[in-house]
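What follows is a short report on a single structure.
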Amino acid sequence: MAQIKNVGVYTSGGDSPGMNAAIRAVVRTALYHNLEVTGIRRGYEGMITGDLFPMDRKSVANIIQRGGTILKTARSEQFKTAEGRKMAYDNLKKHKIDALVGIGGDGTFTGAKVFGKEYDIPVVGLPGTIDNDLIGTDFTIGYDTAINTVIDAVDKIRDTAESHDRLFIVEVMGRDSGLIALRTGIAVGAEAILIPETKTDLNALYHKLEQGRRDKSSKIVIVAEGEEAGGAFEIGRLIKDRFPNYDTRVSVLGHIQRGGRPSCQDRVLASRVGVAAIEGLLEGHRNEMVGIINGEVAFTPFENAIKHFIEINPNFLKIVDILSL
Ligand code: ATP
């Protein structure tokens with residue numbers, strides 16, 4: 001195994017709060033172990049175009065508390081082609097980079113897995129996504145901040161819903177995963193949660209809304225983006241048709257869920273896995289994601305981190321049913 005001297009670090013896919021804390025941890029740990037660090041801007045896009053620069057201790061000063069990513073992020077179609085990945089590899093060689101730390105979600109790790117099979121550059125991934133949809137870590141960097149942003153927003157919506165006796169359908173992020181919806185739905189006391197992983201039973205929803213309507217002035221239904229009956233606007237339309245007397249509104253929280261200061265939990269998680277990524281690379285880990293499982297650092301091969309369908313805990317849905325009486 002060749003000795004690692006220069007580590008490239010990049011963020012890729014959707015940004016998430018805590019990515020900066022992760023970059024800081026990677027850079028400072030690499031320097032601590034006398035490695036050089038190269039920042040790669042805009043993920044795989046920057047690798048292909050050669051947007052690389054040396055990083056030092058100061059380049060990550062005063063960023064732990066900032067949302068977004070100082071390295072910028074992008075989605076790169078070119079990296080999905082063999083020619084694109086060859087250009088990326090040539091740029092990495094040109095800058096004498098001999099290991100990579102990639103911070104992102106399942107797409108980022110799919111790209112890293114393909115790249116790691118084609119070229120002899122070890123890659124370790126950090127779970128940076130608000131979706132919490134990776135195997136091999138209890139939580140992803142950004143998830144905790146995002147769900148706290150959602151509950152802040154929905155608490156505000158609840159105030160106005162209560163004052164006007166309104167029913168709000170609130171859409172939260174999660175095209176393929178209902179994990180944001182599930183946890184925030186419980187935390188805001190939603191009457192119902194609709195997620196992509198389960199079939200939406202409209203009659204059960206109507207029944208629930210009708211039943212509870214008698215003595216409740218406000219109601220909140222949390223809908224994940226990828227909910228299978230058509231999403232928040234379609235559900236809103238169906239409810240308006242069914243209950244023309246209800247004052248029903250739809251609110252889409254959108255991109256506010258990605259931004260903001262990372263929570264303490266996300267900063268600590270990012271710092272822990274950032275340190276572990278560099279130390280793992282030095283110990284010979286490659287093509288793996290580093291996460292935290294039951295409080296302990298754990299390495300999971302990329303293919304296992306991304307390939308599994310994340311099971312929804314049915315108890316969570318039951319809790320909503322019981323508590324929304
Ligand atoms: P999030 O979960 O927050 O959306 P992500 O990492 O899943 O983040 P994607 O846009 O899905 O975000 O993936 C990031 C990038 O990874 C893509 O733009 C592409 O460059 C690369 N990538 C994804 N799939 C592949 C693949 N099959 N082969 C090569 N590269 C890929």
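Counting convention: from 1, in listed order, for ligands and their atoms alike. Nothing fancy with the numbering, it's 1 onward along the sequence. As a basis for the values below, the full set of heavy atoms in this structure was taken, side chains included, without hydrogen atoms, waters or symmetry mates.
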Ranking Asp133, Val114, Thr108 by closest non-hydrogen atom to atom 6 (O) of ligand 1, top hit is Thr108
min-distance protein heavy atom vs atom 23 (C) of ligand 1 -> Gly107 O, 3.1 Å
**Prompt:** Could Arg85 and Tyr119 be counted as a cation-pi pair, given that NZ or CZ must be under 6.0 Å from the ring centre and within 45° of the axis?
**Reply:** no
of all protein heavy atoms, closest to atom 15 (C) of ligand 1 is Ser12 OG, 3.7 Å
The protein heavy atom nearest to atom 2 (O) of ligand 1 is Thr129 OG1, 3.5 Å
Residue, atom and distance of the protein heavy atom nearest atom 26 (C) of ligand 1 read Thr110 CG2, 3.8 Å
In this structure, atom 20 (O) of ligand 1 is nearest to the protein heavy atom Ser76 O, 2.6 Å
Parallel, tilted or perpendicular: rings of Phe79 and Phe115 (30°, 60°):
tilted
Q.
Applying salt bridge (Lys or Arg N to Asp or Glu O under 4.0 Å) to Lys86 and Asp90, what does each step give before you reach the verdict?
A. CA-CA 6 Å; Lys86 169 82 170 65; Asp90 289 344; 2.9 Å; yes
for atom 1 (P) of ligand 1, nearest protein heavy atom and its distance come out as Gly14 N, 3.8 Å
among protein heavy atoms, the one nearest atom 31 (C) of ligand 1 is Gly111 CA, 3.6 Å
- Message: Under the criterion salt bridge (Lys or Arg N to Asp or Glu O under 4.0 Å), I'd like the reasoning laid out for Asp106 against Lys113: C-alpha separation, chi angles, the key distance, then a yes or no.
- Response: CA-CA 10 Å; Asp106 55 349; Lys113 186 189 75 172; over 6 Å; no
**Asked** Less than 4.5 Å apart, any side-chain heavy atom of Tyr44 and any of Lys80?
**Response** no
Q. Quick one: does Leu134's side chain get under 4.5 Å of Thr300's, heavy atoms only?
A. no
Q: Say whether Ala74, considering both its backbone and side-chain N or O atoms, lies within less than 3.5 Å of an N or O atom on ligand 1.
A: no
Ligand 1 atoms nearer than 4.0 angstrom to some heavy atom of Tyr44 are 16 (O), 20 (O), 21 (C)
Look only at interatomic distance and state if Arg258 has a nitrogen or oxygen under 3.5 Å from any nitrogen or oxygen of ligand 1. no
Under 4.0 Å between heavy atoms, the region of Phe79 that gets near ligand 1 turns out to be both
Q) Do Arg249 and Asp247 touch side chain to side chain, with heavy atoms closer than 4.5 Å? A) yes
| message | Salt bridge check, Asp144 against Arg183: does any charged N sit closer than 4.0 Å to a carboxylate O? | response | no
Residue, atom and distance of the protein heavy atom nearest atom 9 (P) of ligand 1 read Arg75 NH1, 3.3 Å
Margin query: Are the side chains of Val154 and Leu253 in contact, using a 4.5 Å heavy-atom criterion?
Written below: yes
